[in-house]
Amino acid sequence: MRVRRKTIWGKINSNGELEVRLADLDEFCRMHPNRSIILRAEIQSKEPSSKLKAYFFGYVIKEVQRAFYDAGEDYTEEQTYNRIRAVCPLFLSEERVEGKWKVRMREWEELDSAEAVEVVAWIQRCMAENYYTILNDPI
């Protein structure tokens, strides 16, 4: 059975233009040639919800810490969080200052709701691919 629904996250930049990974939409459309679709846009809240924050810090960080420990890497929860921030591209902010690129690690509180959801999805993929650990979705 073919997938009939696809959710694709995007962001509206400061110029009011949509920034989205269209390859996902193209792949979905190739699965359903000569069909009609309805595209809906929904504005997400600016900040991650308290439930998502509790899920991230109360479950995801602890499970990642446990997976690291099982792989022989012993980190505190704070070290685990900082390690995730260092490797997850959604936590990195790049800007050009005086002719040089500056990279800064953002905090969870700086992410908007869509970015926070993407971070969780990125961590789930990373843990499954590299540490053979499946992280449950929030209920």
Side-chain angles (χ1 to χ4, degrees):
M1 185 170 143
R2 289 190 263 184
V3 176
R4 297 184 53 83
R5 291 182 192 261
K6 181 76 173 175
T7 301
I8 300 171
W9 295 97
K11 188 171 183 171
I12 301 171
N13 67 21
S14 59
N15 296 330
E17 298 167 341
L18 179 63
E19 295 176 354
V20 66
R21 191 167 127 63
L22 290 177
D24 293 338
L25 181 59
D26 290 339
E27 178 185 329
F28 178 75
C29 291
R30 280 193 293 277
M31 293 171 58
H32 304 281
N34 301 315
R35 298 292 305 264
S36 297
I37 65 168
I38 298 171
L39 295 175
R40 290 188 177 100
E42 177 182 341
I43 299 298
Q44 297 290 306
S45 64
K46 285 217 167 246
E47 300 168 356
S49 69
S50 59
K51 288 182 180 179
L52 184 57
K53 182 177 181 179
Y55 167 75
F56 181 76
F57 286 101
Y59 173 73
V60 172
I61 294 294
K62 291 177 188 296
E63 287 298 304
V64 170
Q65 179 187 22
R66 185 189 54 73
F68 287 166
Y69 183 80
D70 291 346
E73 305 170 43
D74 196 9
Y75 295 114
T76 65
E77 287 182 26
E78 181 181 4
Q79 290 170 327
T80 302
Y81 170 66
N82 287 332
R83 180 159 179 215
I84 289 170
R85 288 177 48 230
V87 297
C88 178
L90 296 158
F91 275 110
L92 301 177
S93 173
E94 292 181 318
E95 56 185 275
R96 193 145 171 90
V97 178
E98 298 177 5
K100 294 186 179 182
W101 285 103
K102 302 286 183 181
V103 178
R104 182 180 71 81
M105 284 194 302
R106 299 189 300 167
E107 295 288 340
W108 172 264
E109 291 75 17
E110 295 177 66
L111 302 176
D112 65 28
S113 184
E115 290 172 325
V117 170
E118 275 190 77
V119 163
V120 170
W122 185 90
I123 294 168
Q124 287 174 322
R125 280 192 312 275
C126 179
M127 296 310 294
E129 292 171 359
N130 300 306
Y131 292 89
Y132 310 106
T133 299
I134 303 300
L135 299 178
N136 296 323
D137 286 327
I139 297 173

Heavy atoms only: give me the nearest Phe28-His32 pair and the separation to one decimal. O-CD2, 3.3 Å
Heavy-atom pair of closest approach, residues Leu111 and Leu90: CD2-O, 3.7 Å
With a cut-off of 6.0 Å (strictly less than), are more than 12 heavy atoms of other residues, nucleotides or ligands near CG of Asn15? yes
State yes or no: do Ile37 and Val20 share one hydrophobic cluster built from I, L, V, M, F, W and Y residues joined by side-chain heavy-atom distances below 4.5 Å, directly or via other members? yes
Which distance, rounded to the nearest 0.5 Å, do you find between the CD of Glu63 and the CD1 of Ile134? 11.5 Å
Gap between atom NZ of Lys102 and atom CZ of Arg96 - 0.5 Å precision: 11.0 Å
Would you please name every residue forming a side-chain contact (heavy atoms from CB on, under 4.5 Å) with [X], sequence neighbours left out?
X     : answer
Glu98 : none
Ser36 : none
Lys53 : Phe57, Trp108, Glu109
Asn82 : Glu78, Arg85

Distance-only criterion, 3.5 Å: show the donor-acceptor pairs between side-chain atoms of residues 116-128 and protein atoms not counting sequence neighbours.
{"from": "Gln124", "atom 1": "NE2", "to": "Leu135", "atom 2": "O", "distance (Å)": "3.3"}
{"from": "Gln124", "atom 1": "NE2", "to": "Asp137", "atom 2": "OD1", "distance (Å)": "2.8"}

Can you list everything that forms a ring-ring contact (aromatic ring centres under 6.0 Å, His included) with Tyr69? Sequence neighbours excluded, please. none
Could you tell me which residues satisfy ring-ring contact (aromatic ring centres under 6.0 Å, His included) with Phe68, sequence neighbours excluded, listed by chain and number? Tyr75, Tyr131
Contacts of Arg104 meeting salt bridge (Lys or Arg N to Asp or Glu O under 4.0 Å) (sequence neighbours excluded), chain-then-number -> Glu110
Partners of Glu77 by salt bridge (Lys or Arg N to Asp or Glu O under 4.0 Å), sequence neighbours excluded? Lys62
Under a 4.0 Å N-O cut-off, is there an ion pair linking Glu27 with Arg30? no
Got a donor-acceptor contact below 3.5 angstrom from the Asp112 side chain to the Ala114 backbone? yes
With sequence neighbours excluded, what pairs up with Thr76 under the side-chain hydrogen bond (donor to acceptor under 3.5 Å, both in side chains) test? Gln79
Remaining members of Met105's ILVMFWY cluster at a side-chain heavy-atom cut-off under 4.5 Å? Leu92, Val103
